[in-house]
Protein chains: 2
Amino acid sequence: MSSRGPTYRIENIVATVNLGVELDLERLAERLMMAEYNPDQFPGLILRLTKPRISALIFRTGKMVATGAKNEEDLKNAVKALVKLLRDHGAEVPFDPEVQIQNIVASGNLHAEVDLEQAVLMLENAMYEPEQFPGLIYRMSSPRVVILIFGSGKIVCTGAKSEKDVALAVQKLYNQLKELGVLYIEEGGEEELGEEFEEEL
Amino acid sequence: MSSRGPTYRIENIVATVNLGVELDLERLAERLMMAEYNPDQFPGLILRLTKPRISALIFRTGKMVATGAKNEEDLKNAVKALVKLLRDHGAEVPFDPEVQIQNIVASGNLHAEVDLEQAVLMLENAMYEPEQFPGLIYRMSSPRVVILIFGSGKIVCTGAKSEKDVALAVQKLYNQLKELGVLYIEEGGEEELGEEFEEEL
DNA sequence: GGCATATTTAAATACGGATTTATAAGTCGT
DNA sequence: ACGACTTATAAATCCGTATTTAAATATGCC
């Protein structure tokens with residue numbers, strides 16, 4: 001019976017949206033009670049949707065950043081809702097603006113403990129200073145992502161621009177660590193009580 | 001080979017000292033740089049000694065509260081030092097004022113885990129609400145103390161006025177819990193790596 | 001150019017504060 | 001009369017904050 005491979009789940013998608021028109025943020029802030037806008041502090045107007053929990057930073061230039069989505073469908077729906085909200089409050093923005101995924105954050109599980117002290121010696125572009133932060137910071141160049149690796153075998157993969165890159169990075173990392181012999185893989189059946197990470201590779 | 005019995009260590013002694021003269025706290029605060037005195041907030045002047053770490057609350061009436069001592073000798077020495085400090089800064093207090101121990105706090109170890117859910121049902125004058133506080137609160141009437149009992153077998157005994165009462169309370173508690181069958185006593189040798197609680201009964 | 005401001009998200013470790021208990025002192029508010 | 005303020009102390013659990021990483025956005029400061 002072999003052990004399972006790595007799994008991951010997308011936790012956060014950061015996307016930019018180009019509304020294509022300039023916006024009067026002062027006016028918007030007046031009309032939108034839920035908006036937070038303090039230009040002395042930060043030049044963007046902040047909107048927070050709740051279902052799902054997705055936030056947006058809206059700038060005078062008509063550029064918008066949407067954060068918090070866990071999948072592309074939620075992202076799309078949130079952009080729709082934001083556009084509607086803006087249109088309903090006087091901003092003439094297009095129905096179907098361009099959306100660009102800029103960052104995907106995924107958490108993952110290698111299902112094996114990791115010897116971080118050894119790993120940092122054997123991996124290139126790795127940093128591990130446990131007194132500063134309990135994870136090993138690994139910069140993978142292709143795909144170009146950063147992966148935080150914890151002793152428990154849990155990881156965070158960040159900087160990807162597509163799910164394909166996430167999947168590839170997680171698998172590559174797993175293969176590398178296995179080859180380096182820094183994984184403590186326990187043999188045994190796959191005991192699952194509730195699925196914490198859904199995507200398996 | 002039988003297991004060991006309970007042990008304890010005195011952690012804090014609270015004592016009152018009657019200096020027998022009224023004091024000018026404003027003047028004292030001026031002269032004593034280390035003094036903290038904010039009468040709007042609290043009517044006492046606060047002094048903190050460092051070796052050992054013992055604090056004093058000094059009141060206009062010449063009454064004083066000393067806290068932090070872990071044994072009577074440290075308490076006596078602290079009172080001497082405080083008297084000297086006051087005399088050196090113009091307060092005509094007697095050399096050898098009356099000292100009265102008002103509270104002794106001791107931590108202890110029953111060297112056995114405790115079933116708190118069962119214990120609270122079987123003990124009189126016991127309260128256990130783990131969502132509010134992780135210890136069981138047990139009020140012993142003779143000696144009149146309060147004992148906090150934790151699942152690990154560690155305890156805090158508070159309210160005693162003499163070490164004799166502490167010792168008696170800890171032993172009584174141990175006997176009661178043993179009799180009630182809520183202690184998980186592990187048989188085995190006495191494995192000590194550094195003495196955490198010194199007084200054994 | 002770099003840093004800060006702000007948004008989001010996971011991982012895991014550390015730290016501080018809070019909780020509870022007793023006790024004396026003295027002052028204020030209810 | 002009671003509760004709050006203050007001081008000290010242990011136990012153990014919870015919560016919040018911080019740490020790190022990425023990315024876009026835009027404004028201000030050095």
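Computed from a predicted structure; not experimentally measured. Per chain, numbering begins at 1; letters A, B, ... match sequence-line order.
Remark: the backbone N or O of A:Val93 is paired with a side-chain donor or acceptor of A:Arg87 at under 3.5 angstrom. Without hydrogens or angle criteria, A:Lys172 side chain to A:Ser142 main chain gives a donor-acceptor distance under 3.5 Å. The backbone N or O of B:Lys63 lies less than 3.5 Å from no partner atom in the side chain of B:Asn18, so there is not a single donor-acceptor pair.
One interatomic measurement links the two molecules: CG of B:Asp74 to P of D:dT9, which rounds to 12 Å at whole-angstrom precision. For A:Leu25 and D:dT25, the CG to C1' distance is 12 Å, given to the nearest whole Å. Rounded to whole Å, atom P of D:dA26 lies 17 Å from atom CD of A:Glu26. Look at CG on B:Leu47: it is 17 Å from P on D:dT6, rounded to the nearest Å. Computed from coordinates, the B:Phe59 CZ to D:dC5 C1' distance equals 11 Å when rounded to whole Å. Spacing between atom CZ of B:Arg53 and atom P of D:dT7 amounts to 12 Å, rounded to whole angstrom units. Protein atom OH of B:Tyr8 is 16 Å distant from nucleotide atom C1' of D:dT9, rounded to whole Å.
Across all strands, A:Val146 comes closer than 4.0 Å only to sugar-phosphate atoms, never to a base (heavy-atom distances). Nucleic acid contact class of B:Leu148 (heavy atoms, under 4.0 Å, all strands): base. Across all strands shown, B:Ile46 has heavy atoms under 4.0 Å from sugar-phosphate atoms exclusively, and none from any base.
For the pair A:Tyr128/A:Ile149, no side-chain contact is recorded, criterion being any heavy-atom separation below 4.5 Å from C-beta on. You'll find the side chain of A:Glu92 stays beyond 4.5 Å of the side chain of A:Val21, heavy atoms only.
Taking the charged nitrogens against the carboxylate oxygens, B:Arg9 and B:Glu199 have no contact shorter than 4.0 Å, which rules out a salt bridge. In summary, B:Glu11 and B:Lys70 engage in a salt bridge, as defined by a charged side-chain N under 4.0 Å from a carboxylate O.
When the nearest nucleotides of DNA chain C are assigned to A:Glu11 and B:Lys63 by heavy-atom distance, the more 5′-ward of the two goes with A:Glu11. Taking for each of A:Lys70 and B:Val145 the nucleotide of DNA chain C with the nearest heavy atom, the 5'-most of the two is the partner of A:Lys70. Between A:Asn12 and A:Thr61, it is A:Asn12 whose nearest contact on DNA chain D lies nearer the 5' terminus. Along DNA chain D, the nucleotide closest to B:Ser152 and the one closest to B:Gln41 are compared, and the more 5′ of them pairs with B:Gln41.
Direction change of the helix axis from one end of the helix from C:dG1-D:dC30 to C:dT30-D:dA1 to the other is 70°, with five pairs defining each end axis (rounded to 10°).
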Sequence neighbours excluded and cut-off under 3.5 Å, please list the side-chain donor-acceptor pairs for residues 29-41 of chain A, or say none.
residue, atom, partner, partner atom, Å
A:Arg31, NH1, A:His89, O, 3.2
A:Glu36, OE1, A:Arg48, NH1, 3.2
A:Glu36, OE2, A:Arg48, NH1, 2.2

Which atom pairs, donor and acceptor, lie under 3.5 Å between side-chain atoms of residues 151-171 of chain B and protein residues at least two apart or in another chain?
residue, atom, partner, partner atom, Å
B:Ser152, OG, B:Lys154, N, 3.3
B:Lys161, NZ, B:Gln102, O, 2.8
B:Lys161, NZ, B:Gln102, OE1, 3.4
B:Ser162, OG, B:Asp165, N, 3.1
B:Glu163, OE2, B:Tyr8, OH, 2.6
B:Gln171, NE2, B:Asn175, OD1, 3.0

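Listed by residue number, the members of residues 119-139 of chain A with any heavy atom below 4.0 angstrom from DNA chain D are A:Gln132, A:Phe133, A:Ile137, A:Arg139.
Chain A approaches DNA chain C over the interval C:dT5 to C:dT13, counting the first and last nucleotide 5' to 3' with an atom under 4.0 Å from its heavy atoms.
Closest non-hydrogen pair, A:Val14 versus A:Val65, comes out as CG1-CG1, 3.9 Å.
Remark: of the listed residues A:Asp115, A:Ile185, A:Leu110, A:Leu110 is the sole one forming a side chain to side chain contact (heavy atoms under 4.5 Å, CB included) with A:Leu177.
The side chain of A:Arg60 places an N or O atom within less than 4.0 Å of a non-bridging phosphate oxygen (OP1 or OP2) of D:dT27. For B:Ser107, no side-chain nitrogen or oxygen approaches OP1 or OP2 of D:dA11 to under 4.0 Å.
Partners of B:Phe150 under the ring pair (Phe, Tyr, Trp, His ring centres under 6.0 Å) rule, at least two apart in sequence or in another chain, are B:Phe133.
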